[in-house]
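Here is the structure we will look at.
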Amino acid sequence: MTYLVRSLILLVLLYPCRAAIAEDYPTRPVTMIVPFSAGGPGDVIARILGGAMSATLKQSIVIENVVGAGGTLGTNRVAKAAPDGYTLLLMHVGQATAPALYAKLPFDPVGDFAPIGLVTDVPMILVARPNFPAKDLNELIARIRNAGDKITFGNVGLGSASQLCGLMFMSTTDTKLTPIYYKGGGPALNDVIAGHIDVYCDPATGPTPYIQSNTIKGYAITSKKRVATLPNVPTSAEAGLPAFDVTTWYGLYAPRGTPKPVVDQLVGALQTALKDPALINRFGELSMSPVEPERATPEALEAFLKAEIGKWGRIIKAAGIEPQ
């Protein structure tokens with residue numbers, strides 16, 4: 001019996017089983033993997049989104065933080081998971097930067113995943129420890145220049161949003177900062193609050209409540225206009241640095257091969273969640289908003305991911321960063 005014939009027989013035998021799985025889905029809790037630490041922006045978004053989606057799916061969504069290697073450990077876990085809709089991935093722009101940053105990825109960022117849809121675009125915000133002696137962005141930049149490389153910059157690692165934001169900040173200001181590496185956004189933000197590091201650039205999700213309470217200083221947000229939750233924080237353009245323009249987008253994925261009926265259910269649950277007033281309100285409190293319905297689709301996410309891989313590949317190469 002040839003390999004082709006055996007494969008066809010196997011597909012015929014498996015099809016009813018896969019169809020039954022799709023028809024009954026979901027019959028148990030779904031795991032949403034976040035490749036970053038608890039308390040960070042991705043974790044917060046996942047918990048809000050998971051709660052909203054579970055109402056439609058009629059099953060709980062369990063958030064699992066799989067930390068390490070710039071998010072690639074958790075991402076690989078999903079790439080290798082059974083394609084049954086019970087293991088999902090919430091990943092940010094790092095899905096697009098990984099090919100340029102890693103010489104040997106254990107997964108294909110496009111080919112190994114079934115995209116569900118985009119979730120949100122989160123502006124970045126540049127913050128500093130509460131006692132940092134600079135009243136605005138211009139003074140912050142001047143102090144960094146005068147200090148050489150003595151000022152520390154929190155960094156969640158290769159391919160992280162904080163690393164990309166830091167690269168863009170140093171490039172646009174022609175400055176040099178000393179990176180301090182962390183395993184996640186939560187620990188990095190805690191060290192800014194405690195004054196152990198000087199500067200940090202994080203998706204606005206994390207620092208917003210601490211800026212509101214004057215626990216840390218906010219210098220510039222990379223949105224097109226000021227956000228209602230942080231009315232006193234200028235945009236990077238208003239602060240005099242329009243080229244400092246970077247956002248962190250998040251997308252939802254399943255393993256490639258997940259049955260289309262299951263993907264369709266997940267797309268429906270995602271789109272319903274993004275229209276939920278409670279989710280919209282909670283996102284707004286964290287200085288972000290859900291994407292438009294036409295972007296919360298598999299086609300939109302896949303096209304956007306491919307475009308972002310090309311864009312960030314060029315930026316990372318221009319920065320002289322060699323794949324590791």
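How far NZ of Lys306 is from CG of Leu301: 11.0 Å, rounded to the nearest 0.5 Å. Atom CZ of Phe244 sits about 5.0 Å away from atom CG of Leu126, to the nearest 0.5 Å. Rounding to the nearest 0.5 Å places CD of Glu294 at 11.0 Å from CG of Leu118. A distance of 8.5 Å separates OG1 of Thr222 from NZ of Lys224, quoted to the nearest 0.5 Å. Distance check: Ile116 CD1 to Thr297 OG1 gives 10.5 Å after rounding to the nearest 0.5 Å. Atom CG in Leu266 sits 6.0 Å away from atom CG in Leu57 (nearest 0.5 Å).
Neither side chain, Asp149 nor Thr178, offers a donor N or O lying under 3.5 Å from an acceptor on the other. If you check the side chains of Thr27 and Tyr86, you find a donor sitting under 3.5 Å from an acceptor. When only modelled atom types and interatomic distance are considered, Ser287 and Thr229 share a side-chain donor-acceptor pair under 3.5 Å.
With contacts defined as side-chain heavy-atom distances shorter than 4.5 Å, the pair Leu164/Thr97 qualifies. Annotation: side chain of Ile63 is in contact with side chain of Ile61 (closest heavy-atom distance under 4.5 Å). Between Val267 and Pro298, some side-chain heavy-atom pair lies under the 4.5 Å cut-off. In this structure, Asn155 and Ile180 have side chains that are not in contact, with every pair of non-hydrogen atoms separated by 4.5 Å or more. A 4.5 Å side-chain heavy-atom check between Tyr25 and Pro261 finds every atom pair outside the cut-off. Using a 4.5 Å heavy-atom cutoff, the side chains of Val110 and Leu305 are in contact. Residues Val93 and Glu308 form a side-chain contact, since some pair of their non-hydrogen atoms from C-beta on lies under 4.5 Å apart. Residues Gln95 and Phe113 are in side-chain contact: their nearest non-hydrogen atoms beyond the backbone lie under 4.5 Å apart.
Ser162 and Phe153 get closest at one heavy-atom pair: O-CE2, 3.7 Å. Summarising the geometry of Val122 relative to Pro203, their closest heavy-atom pair is CG1-CB, 3.7 Å, with the distance given to 0.1 Å.
Taking a 6.0 Å sphere around CD of Glu139, one finds it holds more than 12 heavy atoms contributed by other residues, nucleotides or ligands. The neighbour count for Asp174 CG, taken as heavy atoms of other residues, nucleotides or ligands under 6.0 Å away, does not exceed 12.
Ser223 contributes no side-chain N or O that, together with a main-chain N or O of Pro123, makes up a donor-acceptor pair within less than 3.5 Å. The backbone N or O of Leu73 lies less than 3.5 Å from no partner atom in the side chain of Arg77, so there is not a single donor-acceptor pair. Looking at Gln271, its side chain does come within 3.5 Å of a backbone N or O of Ala296 through a donor-acceptor pair. Checked by atom type and distance alone, the side chain of Thr272 never pairs as donor or acceptor with a backbone atom of Ala269 at under 3.5 Å.
The hydrophobic cluster containing Val291 also contains Val263, counting ILVMFWY residues as joined when their side-chain heavy atoms lie under 4.5 angstrom apart, directly or transitively. If you chain together hydrophobic residues whose side chains sit under 4.5 Å apart, Val119 and Met288 fall into the same group. Cluster membership check: Val67 does not share its hydrophobic cluster with Tyr102, using side-chain heavy-atom separations under 4.5 Å among Ile, Leu, Val, Met, Phe, Trp and Tyr. Hydrophobic clustering keeps Phe169 apart from Ile216 (ILVMFWY residues linked when any side-chain heavy atoms are closer than 4.5 Å, directly or through intermediates). Note on Val156 and Trp312: separate hydrophobic clusters, where clusters join Ile, Leu, Val, Met, Phe, Trp and Tyr whose side-chain heavy atoms are under 4.5 Å apart, directly or indirectly.
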Do Leu189 and Tyr210 pass the side chain to side chain contact (heavy atoms under 4.5 Å, CB included) test, and can you show the C-alpha distance, the side-chain angles, and the key distance before you say yes or no?
CA-CA 9 Å; Leu189 190 55; Tyr210 302 105; 3.7 Å; yes

Decide side chain to side chain contact (heavy atoms under 4.5 Å, CB included) for Ile221 and Arg226; before the verdict, give the C-alpha distance in whole Å, the side-chain angles of both, and the deciding distance to 0.1 Å.
CA-CA 8 Å; Ile221 189 165; Arg226 295 195 188 199; 5.7 Å; no

Can Tyr253 and Thr75 be said to form a side chain to side chain contact (heavy atoms under 4.5 Å, CB included), step by step?
CA-CA 10 Å; Tyr253 308 82; Thr75 302; over 6 Å; no

Would you sort out whether Met124 and Met168 count as a side chain to side chain contact (heavy atoms under 4.5 Å, CB included), showing the intermediate values?
CA-CA 11 Å; Met124 303 294 289; Met168 186 164 286; over 6 Å; no

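Using a cut-off of 4.0 Å between Lys/Arg side-chain N and Asp/Glu carboxylate O, Glu302 and Arg256 are scored as salt-bridged. Salt-bridge formation is not detected for the pair Lys150/Asp198: no Lys NZ or Arg NE/NH1/NH2 atom is positioned less than 4.0 Å from an Asp or Glu carboxylate oxygen.
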For residues 28-53, run the donor-acceptor check on the side chains, cut-off 3.5 Å, and write out each pair with its distance to 0.1 Å, sequence neighbours left out.
from: Asp43; atom 1: OD1; to: Arg47; atom 2: NE; distance (Å): 2.9
from: Asp43; atom 1: OD1; to: Arg47; atom 2: NH2; distance (Å): 3.1
from: Asp43; atom 1: OD1; to: Asn65; atom 2: ND2; distance (Å): 3.0
from: Asp43; atom 1: OD2; to: Gly39; atom 2: N; distance (Å): 3.0
from: Asp43; atom 1: OD2; to: Arg47; atom 2: NE; distance (Å): 3.0
from: Arg47; atom 1: NH2; to: Asn65; atom 2: OD1; distance (Å): 3.4

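For Asp136, there are no salt bridge (Lys or Arg N to Asp or Glu O under 4.0 Å) partners at least two apart in sequence or on another chain.
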